[in-house]
There are 2 protein chains.
Amino acid sequence: MKMERKPVRRSRGRPRSFDRDQALDRAMAVFWERGYEGTSLEELLEAMRINPSSLYSAFGDKERLFQMAIDHYLEGPGSYMVPILENEPTTKGAFEKLVRAAAKELTRPDQPSGCMLSLALNHCSPAAASVQAALTERRAKSLARLQARIEHGIAEGELPPKTDARELARFFMTILQGMSVQARDGASRDSLLATAQAAMRAWPV
Amino acid sequence: MKMERKPVRRSRGRPRSFDRDQALDRAMAVFWERGYEGTSLEELLEAMRINPSSLYSAFGDKERLFQMAIDHYLEGPGSYMVPILENEPTTKGAFEKLVRAAAKELTRPDQPSGCMLSLALNHCSPAAASVQAALTERRAKSLARLQARIEHGIAEGELPPKTDARELARFFMTILQGMSVQARDGASRDSLLATAQAAMRAWPV
DNA sequence: CGATTTTTGAAGTAAATATTCCAAAAATAC
DNA sequence: GTATTTTTGGAATATTTACTTCAAAAATCG
């Protein structure tokens, strides 16, 4: 049972000649590699293999395309954290697996290095302020997930009751974001794994 | 004993009407805040309060100005690490002081948040490739300084002989770079201090 | 003083940028 | 088949970008 193109019922006009999801995937790759402001429309159009009219009618404008690309990233290559945090039996085990998985994911040869969300828009011109707001929100959500798992661990007695869940979550966010910068700077997977291992030594007793 | 303007001997032509160092300082501030590619000539000219001809005759072009601004940063606001690494009696004490100082420096209200070098050019368009090379070199130098202090510590018997100095240095680089991202994302000084404290728990025994 | 040298200011330029326009194309609805 | 709707391709546009030009200004040199 394979689907031809888009299996959705046709609306009236001329059908779209490209695969929207594939185009978004390609846009994501370029934004991931070059950042929001560092990516030109020309690069996007070439990578997506569509022309301006198609891009604007399908995705709105550069800003909205970027936001869709970020969400596409978080549901795809950036989604590896969720099942680890949810399914690992122990909290410490979850974080251990998390940082090791990050070391691997952030240095995959078939992808741009580092985390698209961590690296995006650390410099913000006034023009990109609204994009940055959206990113900040998503980073906050990511932090909240780490924190929730730690709080769960405290409740289960896996961690000292006095543990500051938010600050421990922030420590791991710092590690993950730093690993992204390292990956961008050419650090090897083994280096990141060593950092992951070091980070776990900071786990509260 | 205060100097009027530039005390250097006058060369022949019309004297420069602005203070080169002050202009560079202002350029640094803008680049630090907005990044290399995020800063326009117009913003630079306004901040430096000079006109295009003056900028180009005094600093070459945008790229060379940025490199001078980076060096200006490393000799100024970014120089706080050097004396700590050189003067602290123990290696562990040096790193403890280092991460605490970073937490403070990266969240100073009178400066752009984060480290100018860590945050610069994590996305690189082909146009900025040569600038990025210069940055990579400087980051490597920074890493080497951390590594050197750790190796010194190993030699002095402060650290286990089997300690991998390069990887431990990278761990702390990761922490410092992650703290810069956190600072950019609005994390408070106290948060960074908590992260600094957590990082020290990873110190080898 | 007059010649020389360097900086200044303001306007100018060439390229890149994000976005829009519009006629032609390709589908469905009647 | 004709009308309607939507997408396409390519050209056009307005703005911003980094950078240059050049005459006038302001200094030193002889």
Asker: Looking at D/dC29, I'd like to know if its phosphate oxygens (OP1 or OP2) sit under 4.0 Å from a side-chain N or O belonging to B/Arg12.
Answerer: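 No.
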Asker: NA contact type, B/Ser40, heavy-atom cut-off 4.0 Å: base, sugar-phosphate, or nothing?
Answerer: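 Touches sugar-phosphate only.
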Asker: To the nearest angstrom, how far is A/Ile50 atom CD1 from D/dT8 atom P?
Answerer: 8 Å
Asker: Closest approach of B/Phe171 and B/Ala199, non-hydrogen atoms and distance?
Answerer: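 Of all heavy-atom pairs spanning B/Phe171 and B/Ala199, the closest is CE2-O, 3.9 Å.
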Asker: Does any donor-acceptor pair link the side chain of A/Arg14 with the base of C/dA25 at a separation under 3.5 Å?
Answerer: yes
Asker: Between atom CG in B/Leu41 and atom P in C/dA14, what is the gap in whole Å?
Answerer: 18 Å
Asker: Do B/Ser53 side-chain and D/dT21 base share a donor-acceptor contact under 3.5 Å?
Answerer: yes
Asker: Using atom CG of B/Leu45 as one end and atom C1' of C/dT8 as the other, report the distance to the nearest whole Å.
Answerer: 13 Å
Asker: The side chain of A/Phe18 is closest to which nucleotide in this list: C/dA18, D/dT17, D/dT8?
Answerer: D/dT8
Asker: Is there a side-chain contact between B/Ser17 and the phosphate of C/dT8, meaning an N or O under 4.0 Å from OP1 or OP2?
Answerer: yes
Asker: Closest heavy-atom contact between B/Val131 and B/Gln67?
Answerer: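 Here B/Val131 and B/Gln67 meet closest at CA-NE2, 4.4 Å.
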Asker: Starting from C1' on D/dC19, measure out to CG on B/Leu44 and report it in whole angstrom.
Answerer: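 Roughly 13 Å, once rounded to whole Å.
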Asker: Measure CD/B/Glu46 against P/D/dT17 and give the value in whole Å, please.
Answerer: 12 Å
Asker: Side chains of B/Thr174 and A/Gln182 only: does a donor on one sit below 3.5 Å from an acceptor on the other?
Answerer: no
Asker: Within this structure, what is the CD-to-P distance between A/Glu37 and D/dT17, rounded to whole angstrom?
Answerer: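 A/Glu37 atom CD is separated from D/dT17 atom P by 11 Å.
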Asker: So which nucleotide from C/dA27, C/dG9, D/dC19 ends up closest to the side chain of B/Lys62?
Answerer: D/dC19
Asker: Between atom CG in B/Asn51 and atom P in D/dC19, what is the gap in whole Å?
Answerer: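 Going from B/Asn51 (CG) to D/dC19 (P), I get 16 Å.
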Asker: Among C/dT8, C/dT19, D/dC19, which nucleotide sits nearest the side chain of B/Pro52?
Answerer: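 So the nucleotide nearest the side chain must be D/dC19.
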Asker: For the pair A/Arg166 and A/Asp164, find out whether any cationic side-chain nitrogen is under 4.0 Å from an anionic carboxylate oxygen.
Answerer: no
Asker: With no hydrogens and no angle check, is any side-chain donor or acceptor of A/Arg34 less than 3.5 Å from a backbone partner on B/His123?
Answerer: no
Asker: In whole Å, what is the span from the CD atom of A/Glu63 to the C1' atom of C/dT19?
Answerer: 14 Å
